[in-house]
Amino acid sequence: MAALSVNLNKIALIRNSRTGNYPNVVEHAKICIASGAHGITVHPRPDQRHIRPSDVFELKKLVQQHPHIEFNVEGNPFADAHQNYPGFMALVKQSLPDQCTLVPDTDTQLTSDHGFELTSAGKKLAPLILQLKQLKIRVSLFMDAHIEQISMAADIGADRIELYTGPFAASYAADPGGHETSAIFAQHRKAAEHAHKLGLGVNAGHDLNLHNLMLYRDLPHLTEVSIGHALTVYAINMGLANSVMAYLNILNSK
């Protein structure tokens, strides 16, 4: 069974829409852990639209109380300091997560939407990967399912890759049993097999949900999935009726 790491970005996004600390990111992490999640993931960005540096340190303290839970911090390793954001590499070195997933997103991107192009980025990434590994942090690279790029990921010292599942999810939503969906999954299967032969672990993430995960969970050598947006939306959907009834019960019990 692949491990589930719950991404808490959307909880932080809701919190940041108001002053105060509600909903509390750490308290929601506790719920995920108590419910059986294997890990907690955050993706702090320089604009702090959701996860803040303070969240990273508080979640690290929480995870330290649960030795079986992994803490995964993901983001752009080239993101510089901005206001009270210390820069991605500095933040990771201070918080020392179990895993660091390096992602080639920019400040202007709404969300991560492509993997690394290591032909151009590999030389700059290699020394950063080495720095993280010297700190005993496992390094995963956010990658498209391209065989030659995955080979480069192994060459520059990555421990794992995280396959970008956005195109698979989009195709599945349009036509779950269609030719395109099958072709994309076959490409990911080939990429996972290749990564495994090179000694790389295989993670996956982006737009995975309760529906498409039924197929994607069969990817060979799948070690971990990171899911946040869909999981949060499902939590709202599954709990909304109960929430409405709970408020009505209070109003009607007077």
### Task
Could you go through the side chain to side chain contact (heavy atoms under 4.5 Å, CB included) check for Tyr172 and Asp207 one step at a time?
CA-CA 10 Å; Tyr172 189 97; Asp207 289 339; over 6 Å; no
Considering all heavy atoms, the nearest [X]-[Y] contact:
X      : Y      : value
Gly75  : His43  : CA-NE2, 3.5 Å
Ile147 : Ala191 : CD1-CA, 3.8 Å
Phe185 : Leu219 : CZ-N, 3.8 Å
Ile69  : Gly39  : CG2-CA, 3.9 Å
Thr165 : His206 : OG1-O, 2.7 Å
His82  : Pro46  : CD2-O, 3.5 Å

Any side-chain heavy-atom pair from [X] and [Y] closer than 4.5 angstrom?
X      : Y      : value
Leu102 : Glu74  : no
Asp55  : Pro44  : no
Asn72  : Cys100 : no
Ile250 : Asn252 : no
Gln149 : Leu118 : yes
Glu162 : Met143 : no
Ile156 : Leu141 : yes
Asp80  : Tyr85  : no

With distance as the sole test, does [X] use its side chain to make a donor-acceptor pair with the main-chain N or O of [Y] at under 3.5 Å?
X      : Y      : result
Ser171 : Pro167 : no
Asn212 : Ala169 : no
Thr232 : Gly228 : yes

Any link between [X] and [Y] through a network of hydrophobic side chains (Ile, Leu, Val, Met, Phe, Trp, Tyr) touching at under 4.5 Å?
X      : Y      : result
Ile40  : Ile14  : no
Val56  : Leu13  : no
Ile129 : Phe78  : yes
Leu198 : Phe116 : yes
Val225 : Phe71  : yes

Going by distance alone, is a donor N or O of one side chain under 3.5 Å from an acceptor N or O of the other, for [X] and [Y]?
X      : Y      : result
His38  : Ser5   : no
Asp105 : His114 : no
Asn16  : Arg52  : yes
Asn84  : Gln48  : yes
Asn7   : Thr41  : no
Glu193 : His221 : yes
Gln99  : Asn203 : yes

### Query
Would Arg160 and Val139 satisfy side chain to side chain contact (heavy atoms under 4.5 Å, CB included), going step by step from the backbone distance to the final call?
CA-CA 6 Å; Arg160 292 186 184 180; Val139 180; over 6 Å; no
Would you compute the distance between atom [atom1] of [X] and atom [atom2] of [Y] and round it to the nearest 0.5 angstrom?
X      : Y      : atom1 : atom2 : value
Ile161 : Asp159 : CD1   : CG    : 12.0 Å
Leu4   : Leu231 : CG    : CG    : 6.5 Å
Asp175 : Ser182 : CG    : OG    : 8.5 Å
Gln134 : Lys136 : CD    : NZ    : 9.0 Å
Leu125 : Leu130 : CG    : CG    : 12.5 Å

### Task
Test side chain to side chain contact (heavy atoms under 4.5 Å, CB included) on Lys93 and Gln131 and set out the steps.
CA-CA 9 Å; Lys93 290 176 181 178; Gln131 290 175 32; 2.5 Å; yes
### Query
Are Arg45 and Asp47 close enough for a salt bridge, meaning some N to O gap below 4.0 Å?
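Asp47 and Arg45: not salt-bridged.
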### Query
Is the closest basic N to carboxylate O distance between Lys60 and Asp98 below 4.0 Å?
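No, Lys60 and Asp98 are not salt-bridged.
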### Query
Heavy-atom count around His229 NE2 within 6.0 Å, excluding the residue itself: above 12?
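No.
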### Query
Within a reach of under 6.0 Å around CD of Gln94, are more than 12 heavy atoms found that belong to other residues, nucleotides or ligands?
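Correct, the count exceeds 12.
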#### Entry: Within the 6.0 Å centroid threshold, strictly below: Phe142 and Tyr164
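When the ring centroids of Phe142 and Tyr164 are compared, they turn out to be within the sub-6.0 Å range.
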### Message
Under 6.0 Å between ring centres: does that hold for Tyr216 and Phe168?
### Response
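Between Tyr216 and Phe168, the centre distance is under 6.0 Å.
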May I have the list of side-chain donor-acceptor pairs in residues 25-32 shorter than 3.5 Å, sequence neighbours left out?
residue, atom, partner, partner atom, Å
Glu27, OE2, Lys30, NZ, 3.1
His28, ND1, Asn24, O, 2.9

### Task
For Met89 and Leu128, run side chain to side chain contact (heavy atoms under 4.5 Å, CB included): C-alpha distance rounded to whole Å, both residues' side-chain angles, the deciding distance at 0.1 Å, then the answer.
CA-CA 8 Å; Met89 288 296 292; Leu128 302 183; 4.0 Å; yes
